[in-house]
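Here's the structure, in structure tokens; my notes come after.
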Amino acid sequence: MALFVLQRLAALVVTLLVASLVVFLVMEVLPGDPAAIMLGVNAREDTLAALRAEMGLDKPALERYLIWVGGLLTGDLGRSYTYGVTVWELVGERIGLSLPLALIAIVLSTALAIPLGVLAAAKRNKAADVGVMGFTQLGIAIPNFWFAMLLILLFAVYWRVLPAGGFAGWDAGFWPALQTLLLPAVALALPQAAILARVTRSSVLETLGEDYVRTARAKGLSRRAALWRHAVRNALIPVVTIMGLQFSFLLAGTIIIENVFYLPGLGRLIFQAIAQRDLIVVKDLVILLAASVVVVNFLVDLLYAVLDPRLRGARHGL
Amino acid sequence: MTVTAPLLRVEDLTLDYTLPRRRLFEAAPRFRALNAVSLQLAKGESLAVVGESGSGKSSLARAVLALERPTAGRVELLGRDVYALALGPLRALRRHAQMVFQDPYGSLDPRRKVGWIVAEPLDALEQGVAGDERRARIAEVLESVGLKARDAEKFPHEFSGGQRQRIAIARALITHPDLIVADEPVSALDVSVQAQVLNLFMDLRERLGLSYLFISHDLAVVRHVAERVAVMCQGEIVEEGMVEEVFRRPQHPYTRKLLAAVPRIGGARRGEPAATAAP
Amino acid sequence: MTLLSLQDLRVTIDTPDGPATLLDGVSFELAAGQSLGVVGESGCGKSMTALAVMGLLPAAARAQGQILFEGRDLLALDEDALCRVRGRRIAMVFQEPMTALNPVKTIGDQVAEGLRWHLGLGRGAAEARALTLLQRVGLPAPRFSPQLYPHQLSGGQRQRVVIAMALACEPALLIADEPTTALDVTSQAEILDLIAEVTAELGMALMLITHDLAVVWQNTAAMLVMYAGCVVERGATAEVFARMAHPYTRGLLAASPHGLDADLPSGHRLATIPGQVPDPHQRPPGCIFAGRCRRAADACLPRPPAERTLVPGHGVACLFPHDDEAPA
Amino acid sequence: MIGLAVTLVLVAVALLSLVWTPYPIAVIDVPGKLQPPSAEHWLGTDQFGRDVLSRIMAGAVNSIAVSLVAVGIGAGIGVPLGALAAARRGLVEEVVMRFNDFTFAFPALLSAVMITALFGPGAVNAIVAIGIFNIPVFARLTRGAALSLWQRDFVLAARVAGRGRTRITLDHILPNIASLLIVQMTIQFALAILAEAGLSYLGLGTQPPNPSWGKMLNEAQTLMFLAPQLAVFPGLAIMITVLGLNLLGDGLRDLLDPRLRRLR
């Protein structure tokens, strides 16, 4: 087991390093003179020079890269030009919104998708199955930002039950803050739930066809017992990997949804940073988000080994 | 090729597989599939290799056909060291040795017509042959295994297990090889179909003077296709000799254990005292 | 009392190209503690018969006729009642040990599961019982701890675990569907020994399904020969092997390579059975084997031949059975 | 095959719009703005009085073009990479897989963000961003399917016949995974359309004046209270397109590879 973890950890570190290298190249080296891009072409020479000095552009690329990565590790991400505040503070404020939003979305989509997927597989080609497949077909086809707009139209415009956007902030009390996150979370969760339900269904269908489920039935277990005790447990293994992959889709979704609902989260921050050409913030956020995707996939790999003893590297056969 | 050299000579062949590492600092465990195996096969002569799964008989088949480079030892085909040859000369040598596999449903490419499949060795090893001559060669081998020339236009899924195995044999025959390595060619077939394919192997041997390296876990089958047998256990040949000799007076304890375990019609029976032996 | 009695069992299955008949009137009896061999080539319906008895036919299959077990018709039972019979009174061992066990559960759990399901044993009692069962099938702790996972065992060892699972509730009937086909000949011998021991010890009836005539000869008291969904010959194993009345049975014996008996002339060709098994969608009206039988005559074509009894206990479904001694 | 029908209609509309649209897509007619659906303007007009139906038709071209090229990039680079990784085990495979993990870390949106920051927004950015993210999907799929094929006997037979690795990949491996790839392409195509719509919604994709469904939705959002119907039609267009493609993918899967049908 230790070997398995170490191998995965090595892969993680390599991937992170390469990712940071690429981000640094794209964001600092390729554009030639980041300062010019940030201030626009007609900026006065002295302000340009001051910015360059502040960003340390005069040092050789490698040195800047090492400083930057050092900063990443110690949390010193440099100062945003437009906001005049360190990037770390910027992120600190906004993570309080994006993270819970993502978590609610994950919980919602998993809680909805896995039971639906299992139900559809158990009742293959019957009403329940056709219904679930129809729902998932739609769920995948509807773009989440359009779905969000429809939700706003329905809940905020007609029924005026939920706020159309904006974020009350956690200090305004738990429930009101949660309320503002409800619609966005549902909009985020729908496509993920649809994909997850389909994957769960086909995975459970596959395991239902396996010999050991027939063995369980031959042992006298009822159809339901064989499904839950044997089929579903094995079916979850591929489903977990898909959930790992879905996190990166969820990330992209968050950026869009935060803009639809005008929520001041990481997504909106990155979007505004582009508009203001604040390369420092964009660079740091991109690497942070990319790193989170890689780390989540690393955790999913570990969960994979926990679920499937064959990967646990238990003692070799007798 | 020197006339005197045997068709196939294998000297001290050793093959190790490296398994994924268990512990970080421990070297990767190595599994010795073949341990200093030596055997010889003259032209026209056939040798059967029997043994249980994991005895290394399939690894031997692959090593002999230059599919897996051994850790040590030599494989000589028609007097030439297979693993010392460059690609070109090795390709020329491949014409003389082809292979038949166990699973009739896995050994034919489902997306290709039978004609194309059977002609693949021809197209790869004898580039010059094309057009009518190629069609004639395909028809010839298909008929030689009891199929019809027009079957060349069909796809593998249109044939039964036994017929597919005939197609695989036709593919092995098309370059007129001297040696056919057959890895459990009849084990996946029903008894009645097995009989037909075994008879085909016997006919081909007599008609074309072929040599077989016939691999099987079923001792009863061996007798029909080869005059000599080698018994393998854990990567080593523990006994080798004429089939009658080995089956009637097995020397090695493992061979004796193997022969005793095979249920025989008319032999001892379980659950009953010495039954009235049927004729 | 006959433990199991099949009367005119018929199984048809709906396929994309129309209904196909898999079993066409299979009938036989099996007394308690007796061993019955069911032999035939692939597609003859031997496994389908076993699945019918277990009530595990595929969804698209429909069964008619009667399967009387301990006095009750299994075909008439509802799913819950069947669940109380499966594993409790009838157990089954399958062909493919590599996939028959759940890869993510320990062998101890899988053996104990039957006990806890049927007998309601607590976790501790079930685990203890599982330990003795594994011991009984030749997998003694500590070398084979119940905490092991299937991927850590060889084919033969996994088949022993499946047998231990089958013995858990000491059923009256053990159905073994080609239990040793996927194993090496030495493991096959050990597993067949084990099956013989446990069935004798627990007085269990055994239904051994195989394609290998020699395995039937060696391990069963009575036998059935099946071809394309019908029983073509039945009787005491010694009787059937002595006479081999049905042309298909005799053809099967002639085709089996018994090259171990060394006194074969060189170049000896195996007798083969011409043609192929008829398509289950278009079954010929008359004798199912007529198309491939050298002894077939016009009389064989209109109706399937009724079963005739040559000698008490030895029946054959053929109008012109061989009546001479079976060849060696 | 509803999927096929929907997709064909869509492509027809897109091609038609290159040549003809009910109203010129760029003409601004401010007094005629925000009309509800009517006889002349089937789907009404937007805030600049432009005919919504024409703009949706034109938007189809953009959507399909971007997605087609993006999936082309993904498959074009991904499939050979995957086949290479399966054929040449060892170091090459490890390098390809690490490259895959790395590209997976950048969802389409993130890479779009980076590119936009550099080269400014535009359709090309969207194509490149979505394309890059598709590469690992195809590479991973191809490698997995190819690996299992390399174990098959008929590939071994080809090696015994003296065929080289590349020749075997072309003769045996690719034809046998073609059906799997086609099905995956339709699904990736649908995902690309969704991604393009997202990007253009954020303004990172196709830039005005040429219309894109995403951008139309973005503009519609500000007028949600005045003219809610504006937000409905572009979204419907996206949904129908993606639905059509997914159904087409399922249909192809049944047609080409019955074995996969069981998993539907």
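None of the values given here were measured: they were computed from a predicted structure. Lettering follows sequence order; numbering is per chain, from 1.
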message: Could you measure the distance from the CG atom of Leu252(C) to the CG atom of Asp190(B)? Nearest 0.5 Å is fine.
response: 9.0 Å
field: Spacing of Thr272(C) atom OG1 and Leu200(B) atom CG [to the nearest 0.5 Å]
entry: 11.5 Å
query: Which heavy atom of Arg270(B) sits nearest a heavy atom of Ala189(C), and at what distance?
result: NH2-O, 3.2 Å
query: What are the two closest heavy atoms between Pro257(C) and Ala220(B), and how far apart are they?
result: O-CB, 2.9 Å
message: Quick one: does any side-chain atom of Glu41(C) pair with a main-chain N or O of Ser192(B) as donor and acceptor, under 3.5 Å?
response: yes
- prompt: Would a distance-only check, ignoring hydrogens and angles, find a side-chain to backbone donor-acceptor pair under 3.5 Å from Glu52(B) to Thr186(C)?
  reply: yes
Count the heavy atoms of every other residue, nucleotide or ligand shown that sit under 6.0 Å from [atom1] of [X], and state whether that count exceeds 12.
X         : atom1 : answer
Gln234(B) : CD    : no
Arg150(B) : CZ    : no
Arg294(C) : CZ    : no
Arg164(B) : CZ    : yes

message: Can you tell me which portion of Leu192(C) sits under 4.5 Å from chain B's heavy atoms? Options are side chain, backbone, both or neither.
response: both
- line: Cut-off 4.5 Å, heavy atoms of chain B, and the answer for Glu197(C) is neither
task: State, without any angle test, whether Arg269(C) and Asn199(B) hold a side-chain donor-acceptor pair at a distance under 3.5 Å.
output: no
- prompt: Can the positive tip of Arg264(B) be found less than 6.0 Å from the middle of the six-membered ring of Trp217(C), inside 45° of the ring normal?
  reply: no
- request: Step by step, work out the side-chain contact (heavy atoms from CB on, under 4.5 Å) result for Asn219(C) and Arg269(B).
  value: CA-CA 6 Å; Asn219(C) 294 285; Arg269(B) 298 181 60 208; over 6 Å; no
query: Taking the side chain as C-beta and beyond, is there a heavy-atom pair between Gln188(C) and Pro263(B) under 4.5 Å?
result: yes
message: Are the side chains of Leu270(C) and His224(B) in contact, using a 4.5 Å heavy-atom criterion?
response: yes
statement: If you tally heavy-atom pairs under 4.5 Å between each of Asp203(B), Val193(B), Val186(B) and chain C, the highest tally belongs to Asp203(B)
- prompt: Side chain, backbone, both or neither: which part of Glu245(B) has an atom under 4.5 Å from a heavy atom of chain C?
  reply: neither
